[in-house]
Amino acid sequence: QLRLVESGGGSVQAGGTVRLSCVASGYTHNGRSDYCMAWFRQAPGKERRERVALIDYDGTTNYNDAVKGRATITRENAKNTLYLQMSHLKPEDTATYYCAVSTLGWYSCLRDEFNYYGQGTQVTVGA
């Protein structure tokens with residue numbers, strides 16, 4: 001069973017930067033963390049999670065238009081760790097940020113078909 005633990009959230013002023021981390025454990029495919037990973041977020045009062053960015057094992061990335069140019073998703077496969085750095089933060093970036101993994105392939109990731117989620121880390125952006 002794959003386990004995901006996020007960290008790095010907190011309160012940040014508008015215009016600031018936050019760096020989130022997510023450590024995955026408990027699953028490998030052929031000895032590798034051979035899966036797609038992503039960051040989602042759920043804003044207060046919103047029912048659905050919104051995908052922020054995703055990254056495949058080979059480093060291929062995809063970003064939500066709302067964060068393009070402000071967010072960078074990276075991963076260290078040797079450490080089974082995913083990162084998200086967001087700069088020029090806005091109050092509307094306030095949300096709980098979730099790490100996610102899909103073992104179903106890149107195209108499933110693009111369709112938001114993720115089979116594991118972390119517990120989330122809160123990011124609050126003050127005006």
Side-chain angles (χ1 to χ4, degrees):
Q1 182 74 9
L2 191 145
R3 182 169 179 254
L4 301 170
V5 179
E6 302 97 334
S7 61
S11 295
V12 187
Q13 286 191 330
T17 298
V18 68
R19 189 172 191 244
L20 308 179
S21 301
C22 171
V23 178
S25 61
Y27 175 91
T28 59
H29 181 234
N30 293 329
R32 305 191 310 176
S33 53
D34 191 8
Y35 40 70
C36 174
M37 303 185 80
W39 288 99
F40 283 78
R41 65 185 180 185
Q42 188 167 10
K46 293 286 184 71
E47 288 189 3
R48 295 188 64 180
R49 293 178 187 175
E50 170 188 55
R51 174 160 44 88
V52 177
L54 59 86
I55 184 168
D56 205 359
Y57 180 81
D58 65 359
T60 302
T61 59
N62 181 280
Y63 291 92
N64 184 319
D65 285 344
V67 302
K68 270 182 185 176
R70 300 190 298 121
T72 302
I73 187 170
T74 56
R75 62 190 288 176
E76 286 189 73
N77 292 330
K79 296 182 178 180
N80 297 323
T81 303
L82 175 71
Y83 303 98
L84 178 70
Q85 180 159 312
M86 286 187 61
S87 57
H88 303 289
L89 286 165
K90 307 173 184 179
E92 50 264 43
D93 292 318
T94 294
T96 301
Y97 284 73
Y98 298 89
C99 172
V101 160
S102 175
T103 61
L104 307 175
W106 176 249
Y107 293 102
S108 293
C109 293
L110 291 174
R111 294 191 297 265
D112 288 347
E113 295 171 359
F114 287 82
N115 40 355
Y116 298 98
Y117 286 88
Q119 293 299 305
T121 185
Q122 178 68 34
V123 174
T124 302
V125 184

Donor-acceptor contact present, side-chain [X] to main-chain [Y], <3.5 Å:
X: Thr94; Y: Val125; value: yes
X: Asn64; Y: Arg51; value: yes
X: Gln42; Y: Ala95; value: no
X: Glu6; Y: Thr121; value: no
X: Tyr63; Y: Ile73; value: yes

Taking the side chain as every heavy atom from C-beta outward, state whether Leu54 and Cys36 have any pair of such atoms under 4.5 Å apart.
->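 The answer is yes, as the side chains (C-beta and beyond) meet within the 4.5 Å cut-off.
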Beyond-backbone contact of Tyr35 with Leu2, side-chain heavy atoms, under 4.5 angstrom |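 Yes, close enough: below the 4.5 Å cut-off.
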Is it true that Lys68 and Asp65 make a salt bridge, defined as a side-chain N closer than 4.0 Å to a carboxylate O?
->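 Yes, charged N to carboxylate O under 4.0 Å.
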Evaluate side-chain contact (heavy atoms from CB on, under 4.5 Å) for Val123 paired with Asp93, printing each intermediate quantity in order.
-> CA-CA 8 Å; Val123 174; Asp93 292 318; 5.8 Å; no
Tyr107 and Glu113 side chains, donor-acceptor separation under 3.5 Å |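 Absent: no donor and acceptor within the cut-off.
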Might you work through the side-chain contact (heavy atoms from CB on, under 4.5 Å) test for Val67 and Arg41, ending with a clear yes or no?
-> CA-CA 12 Å; Val67 302; Arg41 65 185 180 185; 4.0 Å; yes
State the [atom1]-[atom2] distance between [X] and [Y], to the nearest 0.5 angstrom.
X: Thr96; Y: Lys46; atom1: OG1; atom2: NZ; result: 13.0 Å
X: Ser21; Y: Leu82; atom1: OG; atom2: CG; result: 8.5 Å
X: Gln119; Y: Cys99; atom1: CD; atom2: SG; result: 11.5 Å
X: Asp56; Y: Met37; atom1: CG; atom2: CE; result: 11.0 Å
X: Asn115; Y: Thr103; atom1: CG; atom2: OG1; result: 3.5 Å

Decide ring-ring contact (aromatic ring centres under 6.0 Å, His included) for Phe114 and Phe40; before the verdict, give the C-alpha distance in whole Å, the side-chain angles of both, and the deciding distance to 0.1 Å.
-> CA-CA 11 Å; Phe114 287 82; Phe40 283 78; 5.2 Å; yes
Would you kindly check if the NZ (Lys) or CZ (Arg) of Arg49 is within the cone defined by 45 degrees around the ring axis of Tyr117 and under 6.0 Å from the six-membered ring centre?
->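 Satisfied, under 6.0 Å and within 45°.
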